[in-house]
Amino acid sequence: MSEKPSNKNQSDFIREIIKADLSSGKHDSSITRFPPEPNGYLHLGHAKSICLNFGIANENESTGARCHLRFDDTNPSKEETEYVESIKKDIKWLGFDWGKHLYFASDNFEQLYEWAVYLINKNIAYVDDLNADEIREYRGSLTEPGKDSPHRNRSADENLKLFTQMREGLFNDGDKVLRAKIDMSHPNINMRDPVIYRIIKAHHHKTGDKWCIYPSYDFAHGQCDSIESITHSLCTLEFEQHRPLYEWFIDKLPVQTKPRQIEFSKLQPTYTLLSKRKLIEMVNDNYVDGWDDPRMSTLSGLRRRGFPPQSLITFCKSVGITKFTGVTDIAVLEHAVREQLNKEALRKMVVLDPIKLTITNWPKKGQVEFMNAINNPEDNESGKRQIPLDGEVYIEREDFMENPPKKYHRLSPGNEVRLRYSYCIRCDEIIKDDDGNVIELLCSYDPETLGKNPEGRKVRAAIHWVSVSDSIGAEVRLYDRTFTAEDPSGVDDWRECFNHEALNVLTGCKLESSLRDASTDQRFQFERKGYFCLDSKDSSKEKLVFNRTIALRDTWAKINKS
RNA sequence: AACCCCGUGGUGUAAUUGGUAACACAACUGAUUUUGGUUCAGUCAUUCAAGGUUCGAGUCCUUGCGGGGUUGCCA
C-alpha cells in the first residue's frame, strides 16, 4: 500500500560517508541500528534518529542494508517492559520495520562478561575498591590530571578472583567496580580508567535476577554494535568524546567486526521540551494527562494529537543531518503537518462557539433544502455531501460583530455574508439578554444567491454554519504550544514557562451530523478553524471528543492584532 | 580555564568537492478565492572577522572572535 519511508536523493555528511564506504568496497552494505534505552517514551528527537537509521536502510535496500532495533538495557534500576512495548509501537507507527532484527544489549551479557575477563587477563582492567566519591576525586578535573587508584596494580589473578566474587554477589552496590586501565592523566576524561562494570542488585526486565553486575554504556554499546555487525553506529554529539573509548575497546578486544561511530547533532525545536527527565516530571506532577497527552512531544502524544506520521518524516527530512547545534523553528513541523492534512483531511462544518441565527424570510418553518458541500477541494475523488438548511442555524460567535473594525468582512448589522455552500444573508436585528449579551441574530436571505454572486454588490466573506436541527454536540479540545518560552530547556524550571492555556476545553460545540460516524483513523478539517481528529482515549459514541491537531493559518488574526 | 566539535539570510539545510551562493520555513507586498485556508507572483545573505595561497575561495592555510559539548558506578 504505502511504500517504505525513505529520503531518496537526500544527502548529508553521514550518507556521504556510507556511500563512499560502499563504493570503496569497505562494506558491501550498511547495517545501522536504533538503540533506545527502555526507560521512557520516544519523542520527536528520537524520530530524527529513527528516520536517519531506518531511512538509510530503506534507501540502500538493494544492497541488503538493514537497521536493527536494539534496546540498550544495561541499567536495570530504570528500565521497564512497558517502555519496550511503547517504543516498538511508535517505530511501527512511523512506518519503519526492523524485521527479525530485534535485539537487547542484555542478550550479550555473558559475552560482555567474558570480554571483561579477557581484559583482566591482559592486565588492562582491574577491580577498584574506591567508592564513587573517591573515584571522582582521583579522576582529577578538566584542567588537572587524575591520579592512580591504590588498587590499580593488583595482579590479574587477584582481579579475576574479585571480579568473580562481584558476579557471585559477595559485595554490595557500590563496594567495588571493574575499571579499564588506560591513562589517569589522559586529556580526555573518558579515558581516565572508566568504570566498565558496576554492582546493581536490581531485578532486570529481561534477565531477572541472574546478574548483579552490569556493564556500563561505554563497555556495552560498541561491543554490541560489533556483535550485530553494525557498520555505522550513529549517535548524537554528546558521545563524541566517548569515541576514543569506543575505539579503544574495539581495538583491544577479539571482536570480529569494527563498527564506526559517527555523531550528529540533536534535534532542538522551539517551544518544545525533549528532555526525558523533564517529560517524566510533567507526567508525574500531573501537568499533563500521561505520556500520550496531546501536549507532550512524545510520539504517542503527537499521534493522539493527530499528527500524521508522514508529516514527522517530512519534518525530519527538512531538518537535515549536521554537526551544527542549532534550533529548529517548530513552525517547520507545523507546516509539514498542515501540508499533509490539507491533502487528506475531509472538510466538515463545525461551530465551536455557537450563536443562534434565524432566517426570518425562510418560506416555511421546518422546510428543508439540501446544500451541496465539497468533501475535500484538494481531492476530487472524495466527492460531495448534502447538508440540510431549514432556516435556523448556529454560526460562530466570532463571525459576528456589532461594532466591527475597519477590515472586518464577516457579519455585522446591515452587512451581508454568505453561508458557506448556501445563500447570502443580511443581519437585520440583534437580540440580547438582560445583561446585554447577544443571544440571537435575525437575518434575511437572498434566494437569488445560491451558486451565484448577487448583482451589484460584493459579499466578501463566507462563514460556516450548522443547522440547529441537524447538529450534534461534542467536546472539542483546543491545543496550543505547550511552552511559552522559545527555549524551555534554557529556563531554570520548565514549570515557569509551561503554557497553562495550551489546552482549552470547549463543551457546547455544534457539529454537522455526518461527524457522528467519525472513526479514530480519520482526519478532518473543520472549515476555517483547523484540523481535528477524534480523541483515541476519551471519545465514545455517547460523548464525542475531538482534538485540534493544529489551527489553520489565520491571516485575519494577524491583521487584527496589529 | 583544559580537551573536543561547530560557525552560510530571521531559522534550518544546499552548493557538481576551488568556478554565477540554491531550497524550505518564517516575515512582508500583491493577485486569485463561496475556507481571511489552499494556490500563484514578488521582496529579504556577497558565507563570523582579519590576513594569506590562487586567474578565481563559502570551500584550502594562519590567527583571532563567537557558540556548543565534556569533570555519573546515566545513556
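Chain naming here is simple, since letters A, B, ... match the order of the sequence lines and numbering starts at 1 in each. These numbers come from a predicted model, not from an experiment.
Taking the charged nitrogens against the carboxylate oxygens, R152(A) and D193(A) do have a contact shorter than 4.0 Å, which makes a salt bridge. Ion pairing between a basic and an acidic side chain is recognised when a charged N comes within 4.0 Å of a carboxylate O; E281(A) and R277(A) show such pairing.
Base contact: Y408(A) has a heavy atom under 4.0 Å from a base atom. Nucleic acid contact class of H409(A) (heavy atoms, under 4.0 Å, all strands): base.
Side-chain atoms of R347(A) come within donor-acceptor range of the base of rU35(B), with a qualifying N/O pair under 3.5 Å. Evaluation of atom-type donor-acceptor distances gives a pair under 3.5 Å for the side chain of R410(A) against the base of rG36(B).
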Is there a side-chain contact (heavy atoms from CB on, under 4.5 Å) between D218(A) and H242(A)? Walk through the geometry before answering. CA-CA 8 Å; D218(A) 286 315; H242(A) 289 247; 2.8 Å; yes
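The CZ atom of R410(A) lies 5.5 Å from the CD atom of E398(A); values are rounded to the nearest 0.5 Å.
Going from the P atom of rG9(B) to that of rA21(B) covers 16 Å, rounded to whole Å.
When each of E37(A) and E240(A) is assigned the nucleotide of RNA chain B with its nearest heavy atom, E240(A) is the one assigned upstream, toward the 5' end. Both G326(A) and L552(A) sit near RNA chain B, but only G326(A) has its closest nucleotide nearer the 5' end.
Between the side-chain ring of H221(A) and the base of rA75(B), no stacking contact exists by the 5.5 Å and 30° definition.
Pairing for rA2(B) is with rU70(B), a Watson-Crick or G-U wobble pair whose two hydrogen-bonding atom distances lie under 3.5 Å. Summarising the base pairing, rU59(B) is matched to no nucleotide, lacking a Watson-Crick or G-U wobble pair whose two defining distances lie under 3.5 Å.
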